[in-house]
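Because the structure is predicted, anything quoted here is derived from the model rather than measured. These numbers come from the heavy atoms of this one structure, side chains and all, not from hydrogens, waters or symmetry mates.
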Amino acid sequence: MNAQDLRSTFKRLFNAEPILVRSPGRINIIGEHTDYNGGFVMPAAIDKAIYVAISKREDDEIHLFSESYQQFDISSIKNLQKSENSWANYILGVADQLKERGYALGGFNFYIDGDVPLGAGLSSSAAVECATGFALDQLFSLEVPKLDIALVAQKAEQTFAGVNCGIMDQFASVFGQKDQAIMLDCRSMQHSYIPLKLDGYKLLLLNTNVKHALTDSAYNKRRAQCEQGVAWIKEHYPNVNTLRDVTLEMLEAHVKPKDEEVFTKCSFVVKEIGRLLTAAEQLVNGNLHGLGNLMFETHEGLSKDYEVSCKELDFLVEEVKPLDEVLGARMMGGGFGGCTINIVKEEKIADLIEELSSKYLLQFGLKLDAYIVQTDNGTSLFN
């Protein structure tokens, strides 16, 4: 994607000079389903992004155009409502949230394109929302703090898109830094950066190209099970508010006797928070092998205990597990489809993709998509 093409397309559509903004997708190194339990996550922004161009209008209308959908969406800033075009709601939801917070917006023209693969679990929706928040901030000189852009984006997804998401995706999109993973405390919103030095290795994403229908219902059920476990423990430990505050001993004593399944789900989250803290130490010490082993452990837990994997994801992880050139692999994201994230020796990547693609096609009759990604900077102006 280059700025010149973006600018000329915008001028052709709207006959105006735009401000250009880039907002990246994200990966999560480790720490899955810990965000809504008050734990830690370790995301990184990547070099695949959403690009937007924006300009002011003389009237109160909002004119949006999506390159992917080849579609206009027209509405009014004075009367913001959900659109029938689902893609537009990620943009309109952000404008709505900024207005809710008292920021003064006028009409605007808006063009959107990008190279974040849709439906791969790389948070294209969060990238759209953060790009929109930043673009409106720049256009109308709002001076919205960076954290508020992430929070506005999260709230927009919850209200206009109807997804009860945590903060990780939007935070990573705004605060990402090249060659760094973010250690984010989802309870306090405090964060620090951990160098992600891959010396001779690359991050490879393998997209199953499946999205099983269980995702939303299972996600809501897991949240409810985690909350139930916390409620039972809170009867004995009033200061406990999330699984972040819980130990395995507490679960053994107060949850296991009541419900074996709730115990298993809560145990996974408590162990995963512990794994992430260990992974951070391994990265600081430059121990990629140690990180890789923890990723394999996380996948095992997500598959067997938390039960949010699927046969396609499990197949891809099991196939690479015995290989010396792969240090670690796991499913990434909410589950039931999307990508596995793999740490692979650079010179072996092409052969691995070729071999796995043919095996995957044979096993499932599906095409395997592969993306080599690098860490990158967060939401910014694009010139």
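- With Arg26 as the fixed residue, the salt bridge (charged side-chain N to carboxylate O under 4.0 Å, His left out) test singles out one of Asp376, Asp47, Asp169: Asp169.
- No donor-acceptor contact under 3.5 angstrom links the side chains of Asn239 and Asp245, judged on distance only.
- Salt bridge annotation for Asp199-Lys197: absent, with no cationic side-chain nitrogen under 4.0 angstrom from a carboxylate oxygen.
- Looking at heavy atoms from C-beta onward, Phe263 lies in side-chain contact with Glu252 at the 4.5 angstrom threshold.
- The minimum heavy-atom distance linking Met1 with Leu6 is given by the pair SD-CD1, 4.4 Å.
- Ion pairing between a basic and an acidic side chain is recognised when a charged N comes within 4.0 Å of a carboxylate O; Asp148 and Arg101 show such pairing.
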* Determine, stepwise, if the pair Asp60 / Ser76 fulfils side-chain hydrogen bond (donor to acceptor under 3.5 Å, both in side chains). => CA-CA 6 Å; Asp60 291 327; Ser76 163; 5.7 Å; no
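- Within a 6.0 Å sphere centred on CD of Glu17, other residues, nucleotides and ligands contribute more than 12 heavy atoms.
- A donor-acceptor pair shorter than 3.5 Å can be found between the side chains of Asn241 and Lys234.
- Here Glu32 pairs with Arg330 in a salt bridge; the nearest charged N to carboxylate O distance falls below 4.0 Å.
- For Ser125 and Glu157, the side-chain atoms include at least one donor-acceptor pair closer than 3.5 Å.
- Ring pair Phe140/Phe108 is perpendicular by interplanar angle, where above 60° counts as perpendicular and below 30° as parallel.
- The aromatic rings of Tyr219 and His33 are tilted relative to each other, their planes meeting at an angle between 30° and 60°.
- Tyr371 and Ile353 are not part of a single hydrophobic cluster, where members link through side-chain heavy atoms under 4.5 Å apart.
- Following chains of ILVMFWY side-chain contacts shorter than 4.5 Å, one cannot reach Leu361 starting from Leu206, and the two form parts of different hydrophobic clusters.
- A donor-acceptor contact closer than 3.5 angstrom is absent between the side chains of Glu346 and Tyr201.
- You'll find the side chain of Asn342 stays beyond 4.5 Å of the side chain of Leu203, heavy atoms only.
- Counting heavy atoms from C-beta on, the side chains of Leu316 and Thr208 come closer than 4.5 Å.
- Between Tyr51 and Phe382, a ring centre-to-centre spacing shorter than 6.0 Å is recorded.
- Cluster annotation: Leu302 and Leu276 are assigned to the same hydrophobic cluster (Ile/Leu/Val/Met/Phe/Trp/Tyr, side-chain heavy-atom contacts under 4.5 Å, transitive).
- Side-chain contact of Ser83 with Asn89: a donor-acceptor pair under 3.5 Å is absent, judged by distance alone.
- Between His63 and Phe72, the ring center distance fails the sub-6.0 Å criterion.
- Crowding of Glu235 atom CD: a count of heavy atoms from other residues, nucleotides or ligands under 6.0 Å exceeding 12.
- One hydrophobic cluster, built from ILVMFWY side chains closer than 4.5 Å, holds both Ile149 and Ile112.
- Of the possible donor and acceptor atoms, one in the side chain of Thr264 sits under 3.5 Å from a partner among the backbone N and O of Glu260.
- Comment: Asp314 does not engage Lys304 in a salt bridge, judged by the lack of any side-chain N to carboxylate O separation of less than 4.0 angstrom.
- Between the side chains of Thr242 and Asn37, no donor-acceptor pair of N or O atoms lies under 3.5 Å.
- Put simply, the side chain of Thr298 gets close to the backbone of Leu294: a donor and an acceptor are under 3.5 Å apart.
- Leu196 has its side chain out of reach of Gln180: every pair of non-hydrogen atoms, C-beta onward, lies at least 4.5 Å apart.
- Ring geometry, Tyr360 versus Phe315: the interplanar angle falls from 30° to 60°, so the pair is classed tilted.
- If you run side-chain contact (heavy atoms from CB on, under 4.5 Å) between Val116 and each of Ser173, Ser124, Pro24, only Ser124 comes through.
- Phe175 and His191 have their aromatic ring centers within a separation under 6.0 angstrom.
- For the pair Phe65 and Phe110, the minimum side-chain heavy-atom distance is 4.5 Å or more.
- Side-chain contact between Cys226 and Val269: present, with at least one pair of heavy atoms (C-beta onward) separated by less than 4.5 Å.
- The backbone N or O of Gly31 lies less than 3.5 Å from a partner atom in the side chain of Glu272, making a donor-acceptor pair.
- Salt bridge status for Lys155 with Glu100: absent, with no side-chain N to carboxylate O gap under 4.0 Å.
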* Check the pair Lys265, Glu307 against salt bridge (Lys or Arg N to Asp or Glu O under 4.0 Å), reporting the backbone distance first and the verdict last. => CA-CA 8 Å; Lys265 300 299 177 272; Glu307 297 181 280; 2.8 Å; yes
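- Between the side chains of Arg22 and Thr379, no donor-acceptor pair of N or O atoms lies under 3.5 Å.
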